[in-house]
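This structure is a prediction, so every number in the text was calculated from the model and none was measured.
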Amino acid sequence: MNKKVIIEKKNLIAYDYLVDNFAASGIKFKTRLSTAFITLLVDLDSNSLDSFYTYLAKAIVLSHKYPVIMAAFEEVEFNYSSIACLSALLYFDIEGETDQVLSVIKNENVISVEGTFNFKMDGMKDDWEELKSIGEVLLFGDSDEDIYNVTNFMMTNRNSNKSLFLAQYPDILLANVTDGLMVEHIKLHDNEDFNLITTIIAESASELIVEKNQIKQSLLDCLSNLVKVKIL
């Protein structure tokens, strides 16, 4: 079956997220460019249909939520704790938000990323403004301990008994050793340390397994505030 996804060219978050995860999960697609849009022509079988809609719903949420949350960090020089805070805010209630979008796009054959949000999901912005305010308060306090405490609190409703193994770094290759499911590709930042922090929070893992000396101590210290780190 064929599906069509239309993305504004400037929405690189949605485009990169979909291309990376479609490719990683074996979903076949072709890209068509126009002046203002990128169109993904997707060829699906019944086994990949649910994954397609879930990836698409999450891309719609993340690409519109990220700029709202980022507004709290405009004057911040990012470090590990602030990235953890940003990621926790970004992924707070992500499952519920994704389900809302799924209820709108499910079984549609032509989906506009921006059109779906702007005409049917725009009400989410009010909740995101509240999350942005939390980020502003935490950054004003300038306490890493407070940031990690709130980050962990926001993750409590998503915590799972999920163990991840970092098989490769700095090119991030994470294996889910608990249930064997794919770990989503998340590349919101140029800094791979930041992307690893974001991915750990997005996966809501309880344990991260790394090989000794694979990543630097300062990054390990940050991750230890978010998840149980086991060193082989």
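A salt bridge is defined here as a Lys NZ or Arg NE, NH1 or NH2 lying under 4.0 Å from an Asp or Glu carboxylate O, and Lys58 with Glu184 meets this definition.
A heavy-atom distance below 4.5 Å is not found between the side chains of Tyr17 and Ser63. Looking at heavy atoms from C-beta onward, Lys187 lies out of side-chain contact with Asp16 at the 4.5 angstrom threshold. Within the 4.5 Å cutoff, side-chain heavy atoms of Leu174 are placed close to those of Leu208.
Distance NZ/Lys120 to OG1/Thr116: 6.5 Å, rounded to 0.5 Å. In this structure, the separation between CD1 on Ile134 and CZ on Phe153 is 9.0 Å, given to the nearest 0.5 Å. Between the CG atom of Leu232 and the CZ atom of Phe165 there is a distance of 6.0 Å, given to the nearest 0.5 Å. Note: Ile147 CD1 to Ser81 OG = 4.0 Å, rounded to the nearest 0.5 Å.
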Start with the C-alpha distance between Asp221 and Lys216, add both sets of side-chain angles, then the distance that settles salt bridge (charged side-chain N to carboxylate O under 4.0 Å, His left out), and finish with yes or no. CA-CA 9 Å; Asp221 291 342; Lys216 53 183 174 276; over 6 Å; no
Does Leu86 form a side chain to side chain contact (heavy atoms under 4.5 Å, CB included) with Tyr66? I'd like the steps, not just the answer. CA-CA 9 Å; Leu86 168 64; Tyr66 184 81; 4.2 Å; yes
Does the pair Leu40 and Thr31 meet the rule for a side chain to side chain contact (heavy atoms under 4.5 Å, CB included), with working shown? CA-CA 5 Å; Leu40 302 181; Thr31 302; 3.7 Å; yes
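A donor-acceptor contact shorter than 3.5 Å is absent between the side chain of Asp122 and the backbone of Asn118. Judged by distance alone, with hydrogens and angles left aside, the side-chain atoms of Lys162 form a donor-acceptor pair with the main-chain N or O of Glu203 at under 3.5 Å. No side-chain donor-acceptor contact under 3.5 Å links Ser204 to the backbone of Ile201.
Applying the salt bridge (Lys or Arg N to Asp or Glu O under 4.0 Å) rule to Glu211 yields no partners; only residues at least two apart in sequence or on another chain are considered. Residues satisfying the side chain to side chain donor-acceptor pair (under 3.5 Å) test with Asn107, not counting sequence neighbours, are none. The salt bridge (Lys or Arg N to Asp or Glu O under 4.0 Å) test applied to Lys132 returns Glu129, not counting sequence neighbours. For the side-chain contact (heavy atoms from CB on, under 4.5 Å) test, residues two or more places apart in sequence or in another chain that qualify with Ser25 are Ile27, Tyr55. Taking Glu192 as the reference, nothing meets the salt bridge (Lys or Arg N to Asp or Glu O under 4.0 Å) condition, with sequence neighbours excluded. Looking at residues two or more places apart in sequence or on another chain, you find no ring pair (Phe, Tyr, Trp, His ring centres under 6.0 Å) involving Phe37. Under the side-chain contact (heavy atoms from CB on, under 4.5 Å) criterion, Asp127 pairs with no residue, sequence neighbours left out. Remark: Asp99 pairs with no residue by the salt bridge (Lys or Arg N to Asp or Glu O under 4.0 Å) rule, at least two apart or across chains. Remark: Met1 pairs with Lys3, Leu44, Leu49 by the side-chain contact (heavy atoms from CB on, under 4.5 Å) rule, at least two apart or across chains.
Among the candidates Leu188, Thr151, Ile197, the single residue satisfying the side chain to side chain contact (heavy atoms under 4.5 Å, CB included) test with Ile83 is Ile197. Tested against Ile60 for a side chain to side chain contact (heavy atoms under 4.5 Å, CB included), the candidates Leu102, Val5, Val113 yield a single pass: Val113.
Follow the hydrophobic side-chain contacts under 4.5 Å out from Leu33 and you reach Ile7 in the same cluster. Under the 4.5 Å side-chain heavy-atom criterion for Ile, Leu, Val, Met, Phe, Trp and Tyr, Val110 and Leu18 are members of distinct hydrophobic clusters. Residues Val177 and Val183 do not share a hydrophobic cluster, defined by chaining ILVMFWY side chains whose heavy atoms lie under 4.5 Å apart.
Counting all heavy atoms, side chain and backbone alike, Glu114 lies closest to Glu8 at OE1-N, 2.9 Å. Looking at every heavy atom in both residues, Leu89 comes nearest to Ile69 through CB-CG2, 3.8 Å. Shortest non-hydrogen contact noted between Leu164 and Asn176 is CD2-CA, 3.9 Å. Closest approach of Ser112 to Gly115, counting heavy atoms only: OG-N, 2.9 Å. When all heavy atoms of Phe29 and Ala23 are compared, the closest pair comes out as CE2-N, 4.1 Å. The minimum heavy-atom distance linking Lys65 with Phe92 is given by the pair NZ-O, 2.7 Å.
Residue Phe119 is found outside any hydrophobic cluster, as its side-chain heavy atoms come under 4.5 Å of no other Ile, Leu, Val, Met, Phe, Trp or Tyr.
Sorted by first and then second residue, the side-chain hydrogen bond (donor to acceptor under 3.5 Å, both in side chains) pairs with a member in residues 222-232 form an empty list; sequence neighbours excluded. Each side-chain hydrogen bond (donor to acceptor under 3.5 Å, both in side chains) pair with one or both residues in residues 38-47, not counting sequence neighbours, appears once here: Asp45-Ser48.
Side-chain atoms of Thr198 and Asn195 include no donor-acceptor pair closer than 3.5 Å.
Between Phe117 and His64, the two ring planes are parallel [angle under 30°; tilted spans 30° to 60°].
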